[in-house]
Protein chains: 2
Amino acid sequence: MAPSNRKLSERQTKMLEYITDFVKEHPYPPSVREIQLGCSISSTSVVDYNLHILRREGYIKRSPDISRGIQLLDKDTGRAMGLQTSIAVPVFGAIAAGEPLMAFPEASEAEETLELPASMLPPRTDGMYALRVKGQSMIEDLIDDGDVVLFQRRESASPGEMVAAWLKERGEATLKRYYPEGARVRLQPANSAMSPIYEDADKVEVQGVVVGVIRMYR
Amino acid sequence: MAPSNRKLSERQTKMLEYITDFVKEHPYPPSVREIQLGCSISSTSVVDYNLHILRREGYIKRSPDISRGIQLLDKDTGRAMGLQTSIAVPVFGAIAAGEPLMAFPEASEAEETLELPASMLPPRTDGMYALRVKGQSMIEDLIDDGDVVLFQRRESASPGEMVAAWLKERGEATLKRYYPEGARVRLQPANSAMSPIYEDADKVEVQGVVVGVIRMYR
DNA sequence: GATAGTTGCGAACATCTGTTTGTAAACATA
DNA sequence: TATGTTTACAAACAGATGTTCGCAACTATC
């Protein structure tokens, strides 16, 4: 059944609110009877009836025959909320460490994992990974030593974008701004004390573009 | 019963791993029988027995008589994991907007809320809030216009710390480095084009110290 | 070897919980 | 008014699920 996009009734709104509050305060979703009590509804069948509507309208997802099998969805994106909201972003070692990034890194292979809320991230969250920055080559772009930089995996970049680049011949990964210049590529640090790297275009492999920076002071 | 800090048995380790994996893949915790099947255990009572041990050792919390009432805890901090892992940090408007921060801001009153994983944050997460930075007064400390800055609410700061300061007489909040100098306070911007603010100590109110910076490129 | 503690087993029990059924009131529509 | 749809109710049903009990095997300690 397709969503009718009808406005929710007062009762349905209250139920949705109750479920939202409930999962914030408990480590498990509410049962039908808890919703019944919490919303002063006289019968479980009424709860079930309205849960069907909430499901049809895309507000929740239900796992049949499973107790507490109610899952909140984001009405707009359809993305699961609650437990599933946070997305595991693998954090790899230092960007200058000299190891190429695996083609399809598994979060479990990473030395560390960063659980970020989906709301913080762009719509596309697959192929997202993070690197801990070593050195101050991007200091003038406000990226410091020790910062965690979020990347979106991509194999090409627009001129001027900040990228993680793999230098095939040197066996080295680096964080720089990307400027294609004919047959070669200029990798520009954001540090006036440092010089750009020039490399043949076919010896440079873009591994991702910067989408965010996170810095925590200790 | 106090934790014995004994090493977990192979079976208990496997159960804990199963629960951890389960909550990552489902919006609800596992039932006793699902754990039984998932760990190839012959009886639910054995599961119950070992769950008791996991609870005693501080790995989980159980809600009696409630189906799927298992909650993972962080063994070290005792903090709840799973749904409760993400902490709602209220994001208020621009730091220079000219409004004092409320004493106890509710996440619900904030214009926006940032759900951050507890693992990213310091142990103390109450009194945590965020401000969106307006202007480039802290550019040399690598904080740019538009960045979201995380604060820990505090009423005093050590010299040199970055603080959100409330200037009572000016009716203005500002993000600066904090330098007490006798009877007055120097609020130092990190921007050589800008001058420090000098103010009587009793006319300056520290509202929080910077604990992190988050920047997302669009 | 005796004893106590730990771990495991199977079955039964009690209750929690999703689902279904039959009925009815309220409402809109033709 | 007649008809169909939506919403609500109460009760019962069936399955899911936490809990308990008695017993046995194993282990450590004295």
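Note that these values count all heavy atoms, side chains included, but never hydrogens, waters or copies made by symmetry. Letters A, B, ... are given to chains in the order of the sequence lines, protein chains preceding strands, and every chain is numbered from 1.
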Of residues 40-50 of chain B, the positions that come close to DNA chain C - non-hydrogen atoms, cut-off under 4.0 Å: B:Ser42, B:Ser43, B:Thr44, B:Ser45, B:Val46, B:Tyr49, B:Asn50
Hey, what's the ring geometry for A:Phe22 with A:Tyr18, parallel, tilted or perpendicular (30° and 60° as the breaks)? tilted
When you look at A:Arg154 and A:Val163, which way does the side chain to side chain contact (heavy atoms under 4.5 Å, CB included) test go after all the steps? CA-CA 9 Å; A:Arg154 263 209 259 147; A:Val163 302; over 6 Å; no
Answer with yes or no whether B:Arg33 presents, from its side chain, a donor or acceptor under 3.5 Å of a partner atom in the base of D:dG18. yes
Given atom CG of A:Leu37 and atom P of C:dT17, what is their separation to the nearest angstrom? 11 Å
A:Lys14 NZ - D:dT7 P separation (whole Å): 17 Å
Going by heavy atoms in the side chains, are A:Met162 and B:Tyr217 under 4.5 Å from each other? yes
Check whether any side-chain N or O of A:Arg11 sits under 4.0 Å from OP1 or OP2 of D:dA8, and answer yes or no. yes
Figure out the CD1/P separation between A:Ile66 and C:dC16, and round it to whole Å. 20 Å
Side chains of A:Asp145 and A:Ile139, heavy atoms from C-beta outward: is any pair under 4.5 Å? no
Should A:Arg68 be listed as having a side-chain N or O under 4.0 Å from OP1 or OP2 of C:dT17? yes
Roughly, in whole Å, what's the span from CZ in B:Phe22 to P in D:dT17? 9 Å
Just checking A:Leu51: base, sugar-phosphate only, or nothing, at a heavy-atom cut-off of under 4.0 Å? nothing
When you check the phosphate oxygens OP1 and OP2 of C:dT17, does a side-chain N or O of B:Ser67 lie under 4.0 Å from one of them? yes
Atom-to-atom span, CG of A:Asp65 to P of D:dA16 - whole angstrom: 6 Å
Give a yes or no on whether the ring-centroid distance for B:Tyr28 and A:Tyr28 is below 6.0 angstrom. no
Do the side chains of B:Asp48 and B:Arg62 get close enough for a salt bridge, i.e. N-O under 4.0 angstrom? yes
When all nucleic acid strands are considered with a 4.0 Å heavy-atom cut-off, which category describes A:Ile70: base, sugar-phosphate, or nothing? nothing
List the atom of A:Leu142, the atom of A:Asp147, and the distance in Å for their closest heavy-atom pair. O-OD2, 4.1 Å
